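Remember, predicted model here, so these are calculated numbers, not experimental data.
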Protein chains: 2
Amino acid sequence: MTDTKQRLLDGTLTVLGAQGITGVSARSIAAAAGVNQALVFYHYGSLDVLLATACREATRDRVAAYAERFEAVSSLRELLRVGRDLHAAELRAGNVSVLAQMLAAGQHGGRIADTTAEAIQLWVDEIEKVLDRLLADSPVAEIADIPGLARAVAAAFIGVELYEGVNPEGADRALASLDQLAVLVEVVDELGPLARRALKSRIKKVTR
Amino acid sequence: MTDTKQRLLDGTLTVLGAQGITGVSARSIAAAAGVNQALVFYHYGSLDVLLATACREATRDRVAAYAERFEAVSSLRELLRVGRDLHAAELRAGNVSVLAQMLAAGQHGGRIADTTAEAIQLWVDEIEKVLDRLLADSPVAEIADIPGLARAVAAAFIGVELYEGVNPEGADRALASLDQLAVLVEVVDELGPLARRALKSRIKKVTR
DNA sequence: GTCTATAGTAGGATAGAC
DNA sequence: GTCTATCCTACTATAGAC
C-alpha cells in the first residue's frame with residue numbers, strides 16, 4: 001500500500017468524521033489527505049470505491065483492535081462497558097459514526113450498501129461470539145435467536161452513535177439507562193437453580 | 001399553507017426516501033414536487049430551512065397518527081409490535097428513515113441538528129409515556145431511568161431502520177429476536193409478589 | 001406566485017506534462 | 001505516481017419578466 005493510497009483512506013475518515021457524508025467529495029478528501037484531487041481517481045477509480053475501501057479497512061482495524069476486549073467480556077454489563085469505551089474513544093479520535101454515515105449513504109443499494117452491510121457483519125460476528133458465551137446457560141438462550149440479538153445490538157449501537165451527534169446528553173442518558181437495565185438482567189441471570197427452573201417452565205408456557 | 005409549499009414538503013420526503021440525504025438538492029426536490037426549482041428559495045429561503053421544515057412537519061404528522069396506538073399499548077411486546085408496524089408502514093410508503101437521513105446530515109450542528117433533535121424528542125415523549133405506564137409497578141422502575149430508556153428505545157429503532165436499508169433480512173431477524181426477548185421480560189414482570197420481592201432485594205444489594 | 005435565464009460555484013472525471 | 005489544466009455537469013441562489 002503506497003503512502004498516498006493510505007493517506008486517501010485516512011483523509012476519507014477525516015472528512016466523514018468532520019463533515020459527514022454530505023461533506024464528502026474527491027476534493028475535500030484529497031485536501032484532508034494533503035494530496036492532489038486527481039489521485040483519488042488514479043488510485044481508486046471512483047469516489048464510491050474509495051469510500052467503500054475506507055469503510056472496510058477502518059472497520060477491520062477497529063474490530064481487530066477490540067477483539068481482545070470482546071474476548072475478555074464476561075457479563076452483559078461488561079459488553080455494554082466495552083461499547084461505551086469504544087464509543088468514547090471514537091468520539092475523541094473524531095472517527096465518530098463512520099459506519100453510521102456510510103449506512104445513511106448506502107440506503108439505496110450499490111457498492112456502498114454492500115460494503116456497509118459487510119462491515120456491520122464484522123461487528124455482529126464479534127458480538128455474537130460474546131452473546132453465545134454469556135447466554136449459553138441463560139434462559140435467554142432458550143427463547144431468543146442469538147445471531148438476531150447480535151444484529152439488534154449492533155444496529156442499536158449505531159443508532160445511539162447517530163443520536164449522540166444531535167443530542168450528546170440524551171445519548172449519555174440512554175446509555176446510562178441501559179447500564180441500569182443490565183443490572184436487572186444480571187440479577188435474573190443469577191437466580192438460583194430453583195427460580196431459574198420456574199422461569200423456564202413459565203417461558204415454555206407462554207411461548208407454547 | 002399554499003399548495004406549492006406543501007408540494008415542496010412532500011417532494012422533500014420523496015427524495016429523502018428514494019435517494020437519501022446524498023440525493024437531496026433544490027432541483028431534485030422541485031422535480032419530485034413537480035414545481036419550479038426557484039420556488040424552493042422563494043418559499044423557504046434555503047434548502048436547510050426546507051429540510052428542517054419537512055422533517056418537523058413529517059414527524060409531527062407521524063407521531064400524531066400513532067398517538068392512539070401508543071396509548072393503547074399495554075405491554076412491552078405490544079410496544080415493539082407498534083414499532084414494527086410503524087416500520088413496515090413507513091417502508092411501504094417509501095418514507096423510510098427520513099429521520100435517520102436527517103440525523104446523518106445533522107451530525108455537525110446547525111439547523112438540521114437542532115430540528116432533528118426536536119423531532120426525535122417527539123417520539124421519545126410518546127415512548128416515555130408508554131414506559132411510564134408499563135413499568136410503574138415493575139422492578140425496572142426501581143433501577144432504571146425511564147426517560148433515558150425512552151431515548152435508548154428511539155435511538156435503537158432508528159439504528160434498525162438504517163440497518164434495514166442495507167440488510168433487510170438481518171433487520172427482520174434483529175426485530176424478531178427482540179420480540180422473543182420481550183417474552184422473557186414479561187415473564188419476569190409477571191412473577192408472583194414473593195419472587196418479585198426477592199428480585200427487588202437482590203437488586204438493592206447489587207446496586208448499593 | 002411562478003416562470004425563464006443566468007451568474008457563480010463546486011464537484012466528477014480525464015488528458016497530458018513531468 | 002503526481003502534478004496542472006481543463007471539460008462538463010450539477011448545484012445554489014438571484015434577477016427580472018410575466
Closest-nucleotide ordering on DNA chain C, the 5'-leading residue of L39(B) and S25(A): L39(B)
Phosphate OP1/OP2 of dG11(C): any S28(A) side-chain N/O under 4.0 Å: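 Indeed not, no polar side-chain atom of S28(A) lies that close.
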Rounded interatomic separation in angstrom, taking CZ from F41(A) and C1' from dT4(D): 15 Å
Distance in angstrom units between R27(A) CZ and dC11(D) C1', rounded: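 The distance from CZ of R27(A) to C1' of dC11(D) comes to 14 Å, rounded to the nearest Å.
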Shortest non-hydrogen contact between Q107(A) and S97(B), atoms and distance: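 Heavy atoms of Q107(A) and S97(B) come nearest at OE1-OG, 4.1 Å.
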Taking every non-hydrogen atom, the tightest pair across G17(B) and H108(A): O-NE2, 2.8 Å
Rounded distance in Å - CG (L51(A)) to C1' (dG12(C)): 13 Å
Among dG1(D), dA13(D), dC3(D), the nucleotide that comes nearest once only the side chain of Y42(A) is considered: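 Closest nucleotide to the Y42(A) side chain: dG1(D).
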Pair of N/O donor and acceptor under 3.5 Å linking dA10(C) base with Q37(A) side chain: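 Side chain to base: no pair below 3.5 Å.
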Short side-chain donor-acceptor distance under 3.5 Å, E161(A) and H87(A): yes
Heavy-atom side-chain contact between D179(B) and R84(B) under 4.5 Å: yes
Rounded interatomic separation in angstrom, taking CG from N36(A) and C1' from dT6(D): 13 Å
Side chains of I29(B) and L47(B) in contact at under 4.5 Å (non-hydrogen atoms):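 Yes, their side chains come closer than 4.5 Å.
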Between dA13(C) (C1') and D48(A) (CG): distance, integer Å: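 Between C1' of dA13(C) and CG of D48(A): 13 Å.
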Atom-to-atom span, CG of L50(B) to C1' of dC11(D) - whole angstrom: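 In whole Å, dC11(D) C1' and L50(B) CG are 15 Å from each other.
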For atom OH of Y44(B) and atom P of dA13(D), their distance in whole Å: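 So the two atoms are 15 Å apart, to the nearest Å.
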Out of dG1(D), dC3(C), dA5(D), whichever nucleotide has its closest atom nearest the side chain of H43(A): dG1(D)
Helical bend (five base pairs per end, nearest 10°) for the helix from dG1(C)-dC18(D) to dC18(C)-dG1(D):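 Terminal axis comparison yields 0°.
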Electrostatic pair R81(B):D85(B) at N-O distance under 4.0 angstrom: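 Salt bridge: yes.
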Heavy-atom pair with the smallest gap, counting every atom of V73(A) and E78(A):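 Minimum heavy-atom contact is CA-OE1, 3.5 Å.
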